[in-house]
Every structure is written in C-alpha cells, then in structure tokens.
Amino acid sequence: MELVLHEEIEYNGLFLNIEEFTDIKVLVHLKGRLETANSIHFLKFIIDLVDFSSVGCELILNMKELYYVSSTGIGAFTTILVNCKKKNMNLFMKDMQPKVKDILELLGFISFFKLI
Amino acid sequence: MGININFKRFVEKSNSMFYVTSLKGEILYINDFGKSLLGITPDDINSGINVQSFYLFSEDRADFIQDLQKGEIIQEHEIRLINSYGKKIIGHEQSYIVPRSSGVDLVYGSVNDISDFIELNLNTARLNLELADINQKLQDAYTSMAQQEKMATIGELAAGVAHEINNPLGFIISNTNSVGRYIKILTEIFTKIKKTYNINAVEGIDQLEFILTDLGEVLKENKDGLRRIATITDSLKRFSRMGDENNKSNFDLNQAIKDTLTIAKTQYKYIADIELNLGDIPPVFCNGDSINQVLLNLIVNAAHAIDSLDPKERGLISIQTSVKDADVVFQVTDSGSGISDSIKNKIFDPFFTTKEVGKGTGLGLSLCYDIIVQKHGGKIWVENSSQGGAIFSFTLPGGNYGK
C-alpha cells in the first residue's frame, strides 16, 4: 500500500481520504455509503493503514459524510477495532451521522466504539 | 403451462419476499412469504398499506428510490425493516423500476431475510471484540504483576544491600571517630614537644606539622562522605521496606520525598536543580512502599522530561506538598516541554510511552494511577504549567490518620 495524503479514493460509492498521518494521529475521512459492495475494500484499506501506523497512536475515522453503514460495514469496523487493540491503538469515530449511530445501537455495537 | 404461469407459481411459493409497489410505496402485490414476514393481512393490502411503514429508518426508503431513479437496472442493498409484530428484520433487497406509459412507475423487488445470518456474523464479531478486550486485560495484568514482582525483588535486594553496607559502615564510622580523637591527642602532644624542645632543626618537621593539620581536614571529608553513605542506606532501607499492599500506617510524605530524592539523585543531579516547598502536612494513612514507588516514578519522569529537551539545558524540578480540603496534595513540576493535549487522556494507560523503544515500559504512570486511585482512593492528574513544563499531581485522602 502506498500512503497518499489528501487524495480521495473511491470504492463503489465509498470515498476515503487520508487527511493526516503522523506518529501519534491518523485521520481518515469517510464519505458516501459503506455496504456489501465496498466493505472488503474499506477493511483492507484501513487494516493496511493500521499496519503502517505507529504503536499506540490514534486512528480517527471522520464519519461526518458517511450516510449509510450496512451490517458488513459494522463487521469491518469490529475487525478494525480488534486490529487496533492488537497495536495498542485507540480508534475514534468522529462526527457520526445519527442514522449510522442508530444502526450501531440497534445491533448492540455502540458501546465498543469511542465516539468523538 | 407457460413460463409466466410457472414463474408466478415460483414467486408465490418462494421463501423470499416478492413485491410490487408504486414509487410512493403503496403495496400493489406481495407474495405469501412477504405477507408473513411483514405480518400483513389481505385487508391491510386492500386498505392501501404503505411499505414505508415497515422501514426501520424512514429516510432509507427515500434514499433507495433516489438510487433506483439513477437509472441502473437493478439495485441491491441491505434493508432494515420492522414488521407489524415489532420484529426487526435485516434483508437483502434487489429491485428495479418499471417505467409505464401512464407515468406511474412501479417498483419490482425481492427481499431475502438474512437476519439470522447477520446476527450470527455479528455475534462472532462481538465475541472477537470481547476476546480482544479480555486478552488485553490479561496482558496488562500479567505485565503489571511481572513489574510489581520485579520492583519487589529490587526492593528486597536494596534492603539486603543496605543492611550489608550498614554493618561495616558502623565500625568504619566508629573507627574514624577514634582516629579523629587520636589525631587530636597527637596534635596536642606535638604542640607540647615543639614548645618544650627545639625541634625545628629536625628534618621533615615542617612536613609532620602539615600532615597533622591536613589529617584533620581529610578526616572531616571522610566523615562527610560516611554521613552521606549512611543517609543513602537509611533511605534505601526505609524505601524498600517490604510489606503487604493492604498494610497501611501513618506515613511521613515529606520525609519520603527527601528519601526518594536521595535515591534518585543520579537521575537528576547533572541535569536539574531541585526546589522543595514542603508544607506542614499531617501524616498520611497509606502503604508507604507503594507511595515511595509513586514518588520515585514521578521524580524520575520529571528528570527524563528535562533530559529529553533539545538543545540540552539545565532544568528545574519543583516539588511541593500542601493540604487542600483535608486531602494531602503532592505536586512535581518540571521544566520540560510539557504534555500535548492529544496524549493527556492516555498517559496513565498501561504501555503508553513517549520514550524511545527500550527506554520506557509505559507502565510507570499506570502503576502510579493504580496505587493512588485504586489502592488509596486518591486522585492523580497531569497538566501543563504556564512555563511550558508538566505538572503531575496526586492527592491522598486525609482525615483518617491512624485508622
């Protein structure tokens, strides 16, 4: 994986943009829909990013423009969280849309994630 | 029998929901499985029930229709429904729009109920998360225990070394005092001889006079050195006195700070000065060994913060104690570069360290947190001073002395 900052990458309606990458903070902007058609690409993108990141740093997913998350998307989030924990990284979800929050609550996952 | 009739039978008997609705959502056709899944009756259909009422999130329908109208033939996505009995359903939906000459377009679609499949997958994900949490706690606990074990061993070792040093130190001090007395006697005798006899011509008499004078000075320096060794061994003994974690007693925090400064001197003496402002505080009812460990960690941390400055400059470590609202307050301020906001909330987390690999375990502050907060019901926090360095503070509950 080649790390490119400030360049939007699209996976079937999901747009990802690495806005910041330092030893203590990695910030990724998510836009569009996270669903079956792109969850696996999203997961690979973020897991590669976690591998590149420094131990103990923060991974922040800016979800201000993420309007839809399917169950496969939630599965991807949980896998990312497990990988972050293995590297002692903190995962934060920033500015989550109420609708996305509702589905995380509905499926009983909200308590696992740190919302900011 | 034509294909249409067979296909209609397949749709009727299918274990997927098949439906036809208007763009506005009025249900025009739904197969038996669909009726059962959504919990609707023929009367509901006759009364013009709208599919919108089964969407768990009402805006999902509008988003979906918008996607359909983008022109792609078939749209598939995950749909979240709630049926008439309140059961939540997650389905996989495939739909398309059939344009009609009347202008009233229809939506044809099918939905597979994948709730059980999703639940199973998400349960696995949930278990993975819980397992990761448990693993992390286990690892933290193991490392913390290993660290405490190490500290206990070092403490025992230090106590043993202090004891071994103390025995010879006792007779060295005693003998040195005797030598001092002998020199005094020798000097008095020499003075009398010098007054009584003319010995100025004796070869080397000047040197003897100098030796007697200088011996006093040398002995004074020796005594000073021995006093410092005694202070260190006393501090080591006090610091490393082993005991049960629950073994609490009245503890002189100010004396403990002085002892810790003696022990940690090599860590700061070349890089920082110490400013002590120890208030008139009551004894604290606590486990002294644990609090000694906290003091050592915080003072060594302050020294490391100053040592990490680039360019290097001699710094200042200020320590103060006071009483506030019946609590005893300890505060150590360094002249380092402070703590950035982004790490303040995790600085007491186990394994968190900003030091180079191999220089810090990331456990020091988490142990401090455990000792102050968990074991003693106190508080510990960090903030930045107006001069830019860090201030680590802790409080220990007062008002229960001797209990």
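Chain letters run A, B, ... following the sequence lines, proteins first and then strands; every chain starts at 1.
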Select one option (side chain, backbone, both, neither) describing which atoms of Leu129(B) are under 4.5 Å from chain A's heavy atoms.
-> both

Neighbour count >12 (heavy atoms, 6.0 Å) for atom CG, Asn83(B) | yes

How close do Glu78(B) and Tyr68(A) get, heavy atom to heavy atom, and via which atoms?
-> O-OH, 2.6 Å

Contact listing (chain A partner; residues 379-393 of chain B; heavy atom under 4.5 Å) = none

Check the surroundings of atom OH in Tyr369(B): do more than 12 heavy atoms from other residues, nucleotides or ligands lie under 6.0 Å from it?
-> no

To the nearest 0.5 Å, how far apart are CG in Leu107(A) and CD1 in Ile118(B)?
-> 8.5 Å

Are any non-hydrogen side-chain atoms of His77(B) and Glu35(A) less than 4.5 angstrom apart?
-> yes

Please look at Cys57(A) and chain B and tell me whether the side chain, the backbone, both or neither of the residue comes under 4.5 angstrom of a heavy atom of that chain.
-> backbone

For each of Thr36(A), Ile74(A), Asp102(A), Ile24(A), tally heavy-atom pairs with chain B at distances under 4.5 Å, and name the one with the top tally.
-> Asp102(A)

Among the options Asn90(A), Leu81(A), Ile103(A), Thr79(A), pick out the one with the most heavy-atom pairs lying under 4.5 Å from chain B.
-> Ile103(A)

Proximity breakdown for Tyr67(A) and chain B, heavy-atom pairs closer than 4.5 Å = neither

When you look at CG of Asp116(B), are more than 12 heavy atoms from neighbouring residues, nucleotides or ligands closer to it than 6.0 Å?
-> no

Would you mind telling me which of Leu122(B), Ile90(B), Leu56(B), Asn135(B) has the largest number of heavy-atom pairs within less than 4.5 Å of chain A?
-> Leu122(B)

Considering residues, nucleotides and ligands other than Lys99(A), do more than 12 of their heavy atoms fall under 6.0 Å from its NZ?
-> yes

Residues, nucleotides or ligands: over 12 heavy atoms within 6.0 Å of Lys64(A) NZ = no

Please determine if Arg126(B) forms a cation-pi arrangement with Phe109(A), meaning its NZ or CZ atom is less than 6.0 Å from the six-membered ring centre and no more than 45° off the ring axis.
-> yes

Pairwise side-chain contact, Glu58(A) with Ile343(B), heavy-atom cut-off 4.5 Å (strictly under) | no

Crowding at CG, Leu127(B) (>12 non-hydrogen neighbours, <6.0 Å) | yes

Please report the shortest heavy-atom distance between Gln136(B) and Asn88(A), naming the atom on each side.
-> NE2-OD1, 3.8 Å

